[in-house]
Amino acid sequence: VQLQASGGGLVQAGASLRLSCAASGRTIDTYDMAWFRQAPGKEREFVAAAPWDGGSINSAESMKARFIPSRDNAKNTMYLQMNSLSPEDTAVYYCAAAPRGGSYFYRSTTKYEYWGQGTQVTVSS
């Protein structure tokens, strides 16, 4: 499956953005989907996941209430609604996919076999 992330940009603190991850090659209805981010000089960090069977898994408290994952299997697309952005959220955001039935460690990069190219989100103060 090929993944294409989009929707990033430069925004001011307090703004909202919605990222999209469009999949091709396979339908995502049997894939666990997730978002990660990586800031300069830091390791890739789990943001949120949308498991194949529904629901969502969120990351640390600092993002839990602000970042909301969702998926539209009919459009073969996953989304990340990001609210109340702060400069600390500046990073490249990546989407990832893993076939269902694999590891339950949704927060680990090793679970995911497929990665998008990333979309830059920059938040100014």
Side-chain angles (χ1 to χ4, degrees):
V1 60
Q2 292 79 46
L3 304 174
Q4 179 78 36
S6 62
L10 172 63
V11 297
Q12 291 188 330
S16 297
L17 274 177
R18 189 176 80 153
L19 305 183
S20 298
C21 176
S24 61
R26 296 278 182 94
T27 56
I28 65 170
D29 56 335
T30 59
Y31 284 78
D32 293 322
M33 305 292 293
W35 290 98
F36 288 78
R37 70 183 185 183
Q38 189 165 19
K42 295 187 177 181
E43 293 186 353
R44 194 163 294 191
E45 175 186 30
F46 174 78
V47 175
W52 76 275
D53 55 350
S56 64
I57 297 172
N58 293 94
S59 184
E61 292 299 320
S62 63
M63 290 186 277
K64 186 174 182 178
R66 298 186 299 119
F67 291 3
I68 304 168
S70 63
R71 58 194 294 163
D72 186 338
N73 290 341
K75 295 183 178 180
N76 225 30
T77 301
M78 174 180 65
Y79 305 97
L80 182 68
Q81 178 67 41
M82 304 189 296
N83 301 317
S84 302
L85 287 163
S86 71
E88 291 70 32
D89 296 318
T90 295
V92 177
Y93 284 71
Y94 298 90
C95 56
R100 68 180 180 181
S103 167
Y104 285 99
F105 293 101
Y106 289 92
R107 296 174 174 83
S108 173
T109 58
T110 60
K111 169 180 170 64
Y112 301 94
E113 298 181 23
Y114 306 98
W115 292 84
Q117 86 292 353
T119 184
Q120 176 71 48
V121 173
T122 304
V123 185
S124 63
S125 57

For this session: Decide side-chain contact (heavy atoms from CB on, under 4.5 Å) for Val11 and Thr122; before the verdict, give the C-alpha distance in whole Å, the side-chain angles of both, and the deciding distance to 0.1 Å.
Result: CA-CA 6 Å; Val11 297; Thr122 304; over 6 Å; no

Exercise. Between Met78 and Cys95, is a side-chain contact (heavy atoms from CB on, under 4.5 Å) present by the stated rule, with each step listed?
Worked result: CA-CA 8 Å; Met78 174 180 65; Cys95 56; 3.6 Å; yes

For this session: Check the pair Tyr93, Met82 against side-chain contact (heavy atoms from CB on, under 4.5 Å), reporting the backbone distance first and the verdict last.
Result: CA-CA 11 Å; Tyr93 284 71; Met82 304 189 296; 3.7 Å; yes

For this session: Go through the steps to decide whether Ile68 and Leu80 satisfy the test side-chain contact (heavy atoms from CB on, under 4.5 Å), and finish with yes or no.
Result: CA-CA 6 Å; Ile68 304 168; Leu80 182 68; 5.9 Å; no

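Side-chain N or O atoms of Thr110 include none that pairs as donor or acceptor with a backbone N or O of Ser108 at under 3.5 Å. Using a distance-only test at 3.5 Å, with no hydrogens or angles considered, no donor-acceptor pair links the side chain of Arg44 to the main chain of Ala39. Checking side-chain atoms of Asn58 against main-chain N and O of Met63 turns up no donor-acceptor pair under 3.5 Å. Arg37 places no side-chain N or O within donor-acceptor distance of the main-chain N or O of Val92, the cut-off being under 3.5 Å.
Sorted by first and then second residue, the salt bridge (charged side-chain N to carboxylate O under 4.0 Å, His left out) pairs involving residues 116-125 (not counting sequence neighbours) form an empty list. Pairs passing the salt bridge (charged side-chain N to carboxylate O under 4.0 Å, His left out) check and including a residue from residues 14-35, sequence neighbours excluded, read Asp32-Lys111. Listed by first and then second residue, the salt bridge (charged side-chain N to carboxylate O under 4.0 Å, His left out) pairs involving residues 113-124 amount to none (not counting sequence neighbours).
The two residues Val47 and Phe67 come nearest to each other via the heavy atoms CG1-CD2, 3.4 Å. Closest approach of Ala97 to Leu3, counting heavy atoms only: N-CD1, 3.8 Å. Nearest approach of Thr90 to Val123, heavy atoms of both residues: OG1-N, 2.9 Å. When all heavy atoms of Pro69 and Ser56 are compared, the closest pair comes out as CG-CB, 3.6 Å. In terms of heavy atoms, Ser20 sits closest to Thr77 at CB-CG2, 4.3 Å. Closest of all the heavy-atom pairs between Trp35 and Ala5 is CZ3-CB, 4.3 Å.
Donor-acceptor pairing under 3.5 Å is recorded for the side chains of Ser16 and Asn83.
Here the OG atom belonging to Ser84 is positioned 6.5 Å from the CZ atom belonging to Arg66, to the nearest 0.5 angstrom.
The shortest side-chain heavy-atom distance between Tyr104 and Tyr106 falls under the 4.5 Å cut-off. Side-chain contact between Leu17 and Leu85: present, with at least one pair of heavy atoms (C-beta onward) separated by less than 4.5 Å. The shortest distance between side-chain heavy atoms of Tyr79 and Asp72 falls below 4.5 Å. With a 4.5 Å cut-off on side-chain heavy atoms, Glu45 and Arg107 do not count as touching.
A continuous path of ILVMFWY side-chain contacts below 4.5 Å connects Tyr114 to Met33, so both sit in one hydrophobic cluster.
Between Phe36 and Trp115, the angle of the ring planes lies from 30° to 60°, which puts this pair in the tilted group.
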